[in-house]
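These notes concern the structure reproduced below.
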There are 4 protein chains.
Amino acid sequence: MSIEKAAPRRRNQATLEVILAATYELLQQNGFDRLTIEGVAARAGVGKTTIYRWWPSRGALAVDAFLAVVSPQLSFNETASASEDIRQQVRRLAAVYDGEVGKIVREMIGSAQFDSTTLALFNEGYLQPRRTAAKAALQRGIEQGEFRADLNPEHVIDALYGPVYYRLLTGASIRDEAFLSTLEAYVLDGISLKGTACDQRSLRE
Amino acid sequence: MSIEKAAPRRRNQATLEVILAATYELLQQNGFDRLTIEGVAARAGVGKTTIYRWWPSRGALAVDAFLAVVSPQLSFNETASASEDIRQQVRRLAAVYDGEVGKIVREMIGSAQFDSTTLALFNEGYLQPRRTAAKAALQRGIEQGEFRADLNPEHVIDALYGPVYYRLLTGASIRDEAFLSTLEAYVLDGISLKGTACDQRSLRE
Amino acid sequence: MSIEKAAPRRRNQATLEVILAATYELLQQNGFDRLTIEGVAARAGVGKTTIYRWWPSRGALAVDAFLAVVSPQLSFNETASASEDIRQQVRRLAAVYDGEVGKIVREMIGSAQFDSTTLALFNEGYLQPRRTAAKAALQRGIEQGEFRADLNPEHVIDALYGPVYYRLLTGASIRDEAFLSTLEAYVLDGISLKGTACDQRSLRE
Amino acid sequence: MSIEKAAPRRRNQATLEVILAATYELLQQNGFDRLTIEGVAARAGVGKTTIYRWWPSRGALAVDAFLAVVSPQLSFNETASASEDIRQQVRRLAAVYDGEVGKIVREMIGSAQFDSTTLALFNEGYLQPRRTAAKAALQRGIEQGEFRADLNPEHVIDALYGPVYYRLLTGASIRDEAFLSTLEAYVLDGISLKGTACDQRSLRE
DNA sequence: AAATAATCGAGACGGTACGTCTGGTCTTACC
DNA sequence: GGTAAGACCAGACGTACCGTCTCGATTATTT
């Protein structure tokens with residue numbers, strides 16, 4: 001009787017891509033809160049059921065669509081100075097968040113406050129990969145003798161990027177150079193090995 | 001001739017208070033995304049029109065209700081050490097945000113990403129007063145010779161509180177003592193006047 | 001300026017007239033079902049309370065407004081032939097009902113189906129006066145020897161005007177000459193004294 | 001190949017019947033002007049959208065509900081005398097209109113004054129079928145030699161039923177035997193071939 | 001090549017809430 | 001001290017989407 005049937009999940013990859021593309025377009029045009037499953041279905045020429053079959057919520061769909069487009073960006077350079085690499089990456093991030101992507105990131109985080117699945121997806125798919133890359137830069141800095149070996153990379157990243165996200169989410173300017181360099185002074189000096197860190201800081205400011 | 005006519009808005013104060021109370025109760029019980037104008041009207045025993053008359057959006061109503069309840073909290077102590085006052089206030093904030101209020105703050109910020117009026121209200125009614133208090137503490141620190149006189153208070157506050165909000169909004173633990181003390185080390189040492197700041201830091205960690 | 005004291009009720013009459021005028025204008029423009037008390041109050045520059053004070057319902061207000069304008073119309077001629085007077089009056093009525101007044105009469109009767117006060121007002125203020133005039137014409141016909149003395153004027157009027165209102169209310173043409181003359185043939189012949197009634201009709205048709 | 005595709009409307013017949021039944025019940029209980037779409041939806045256990053999907057207006061819904069219940073009534077007998085059949089049918093009609101159905105008919109016609117769709121539906125679904133039956137009776141009368149062959153059936157029906165509806169709509173008694181027999185005397189005599197009514201007319205015309 | 005079965009588009013369905021409109025009552029401030 | 005202006009509670013309006021549920025019509029293996 002119970003001859004094991006092969007699981008014939010034949011999901012149509014093309015369909016999923018059409019859905020994600022439609023979702024991202026609508027996300028750009030109208031923002032997350034005017035994104036509706038019905039709208040995506042209509043735009044993608046797809047039945048609502050198909051969307052519900054593959055995504056658990058509107059937020060999950062939006063995050064997926066966002067990731068498909070935005071993920072391959074914002075990498076770190078690898079120059080001689082890890083410290084300088086981090087400084088530059090922070091500025092690239094600020095530049096990107098100053099535009100359309102920033103609006104979508106704001107809305108992703110905003111909507112994630114109301115749906116833990118969305119939050120988890122956004123964390124795992126977006127924030128964590130970025131933190132991993134930052135950790136690698138920090139590790140390089142340690143190995144190159146720039147940073148203290150006992151730093152806690154999670155806390156450093158929180159201290160460095162937290163204020164950027166905070167300003168993004170509270171409507172403050174994200175590309176304020178004075179803000180960015182002050183921030184770097186506190187954090188990067190805080191993790192610097194050189195005794196001159198304090199001195200240099202006082203000199204710079 | 002043209003004697004200024006008094007504003008003809010004769011809003012009923014009692015009614016508004018009933019509405020705000022009902023809103024806050026529902027906010028606590030069900031969260032912001034299940035807060036509906038109809039629900040508030042029903043709970044408050046009030047016509048929907050009355051709510052729409054005085055608040056431009058659901059978010060604005062929620063912020064007002066939140067402010068009416070939560071505002072008079074989270075003050076700073078005033079001991080001999082401004083630095084210590086700040087440390088303690090950060091911990092009190094973390095403790096409060098670890099509970100119900102934290103959930104509401106997350107949702108306020110979350111919803112503010114979709115409505116600029118809500119964001120403005122939350123900023124002006126909640127965040128700015130808190131920042132003003134923090135600025136006063138910083139100022140006291142300067143006057144007492146604890147902090148550098150040339151610090152930019154806005155940036156210091158961003159650097160100090162930004163990571164807290166970032167962790168709150170990305171689901172990380174808000175009361176992680178290691179995180180908090182590391183953060184303070186970076187920022188408070190960064191603004192400390194004493195040359196020993198760096199030394200003390202290295203000793204502590 | 002001119003401090004005109006007292007004159008206690010003087011304002012009332014003027015106010016009522018303003019209200020009735022505003023009502024009739026709105027009745028013409030938008031029809032009965034889009035007539036609202038609020039609209040009338042706004043148009044007349046009057047408080048809603050004032051309207052509610054003097055009229056029990058929207059229908060009653062509409063009927064009053066209608067009567068104030070339309071009443072002094074549609075009189076009977078008094079020629080040698082009562083029969084001919086009636087024939088002519090029916091045609092005048094049909095002509096008037098073919099236009100704007102007809103639309104309002106339709107809507108008055110329509111709304112009267114839902115409010116007995118409106119129906120009573122319309123009956124007493126509009127239909128009965130008209131029936132009284134018709135009865136006078138019938139009476140003259142009896143006295144002149146044109147009509148049978150034992151006719152029941154109410155029933156004659158029902159038979160003569162009923163079909164006109166019926167067609168008005170069911171959307172049929174009200175000025176169909178064949179319809180009108182057939183109708184008159186049945187009714188006026190039915191009440192005619194002379195055997196020659198038939199003759200006269202055949203000559204005419 | 002290109003065989004006409006069937007209409008993709010997959011309406012659920014059972015749902016529609018539930019809606020019509022609920023509508024009629026509410027119509028009976030509260031009358032047309034207190035009939036609300038929301039009320040019908042609640043009573044029928046149906047979404048409002050479903051009602052709006054299939055009926056353009058409250059009036060159209062009410063007419064449909066009325067037709068579903070009332071249509072199969074008020075037929076004509078077929079005895080030897082067409083004249084007598086008509087007389088009896090008029091009395092049956094008057095009897096039915098004297099009760100609950102009469103109230104609904106009044107309200108249908110009343111509401112039809114404000115919505116041409118409702119008027120058209122009521123005409124086509126209710127009045128015209130009844131007129132068709134009456135025309136058949138007249139035709140039988142002609143063929144049996146009771147009525148003049150040149151009568152215009154539309155006008156005869158207007159003359160016969162118009163006053164009944166007129167009295168119904170103006171609040172007069174609908175079962176007044178004197179009224180009914182007077183009316184029949186005028187109209188049926190007017191179309192009779194037999195010499196009693198007006199001998200000379202039949203000869204000449 | 002035919003039979004089989006998951007997947008698809010379409011959209012009807014019972015619902016919830018929206019933001020608006022109006023009803024009828026009650027309140028306030030001016031004249 | 002009467003009235004305009006309008007706030008108030010109530011509740012229906014017609015619309016937008018929700019998430020579930022059929023429908024046939026593709027397709028893509030499996031037989």
Taking the minimum atom-to-atom distance to the side chain of [X], which one of [options] wins?
| X | options | value |
| --- | --- | --- |
| D:I37 | E:dG24, E:dC13, F:dC13 | F:dC13 |
| B:E38 | E:dG9, E:dC18, E:dT7 | E:dC18 |
| D:Y52 | F:dT20, F:dT15, F:dC8 | F:dT15 |
| B:T49 | F:dC8, F:dA10, F:dC13 | F:dA10 |
| D:R53 | F:dC13, F:dA4, E:dC13 | E:dC13 |
| A:K48 | F:dA4, E:dG9, F:dC18 | F:dC18 |

Next item on the list: Pick base, sugar-phosphate or nothing for D:G39, based on heavy-atom distances below 4.0 Å to the nucleic acid.
Entry: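 If one applies the 4.0 Å heavy-atom cut-off, D:G39 turns out to touch nothing in the nucleic acid.
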[N] phosphate, OP1 or OP2, under 4.0 Å from [X] side-chain N/O:
| X | N | answer |
| --- | --- | --- |
| A:W54 | E:dC8 | yes |
| D:W55 | F:dG14 | no |
| A:T50 | E:dG9 | yes |

Item checked: C:L119 versus D:L169, closest heavy-atom pair with distance ->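 For C:L119 versus D:L169, the nearest heavy atoms are CD1-O, 3.7 Å.
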Notebook entry, point to check: Is any side-chain heavy atom of B:F66 less than 4.5 Å from a side-chain heavy atom of B:V101?
Noted result: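 Side-chain contact under 4.5 Å: yes.
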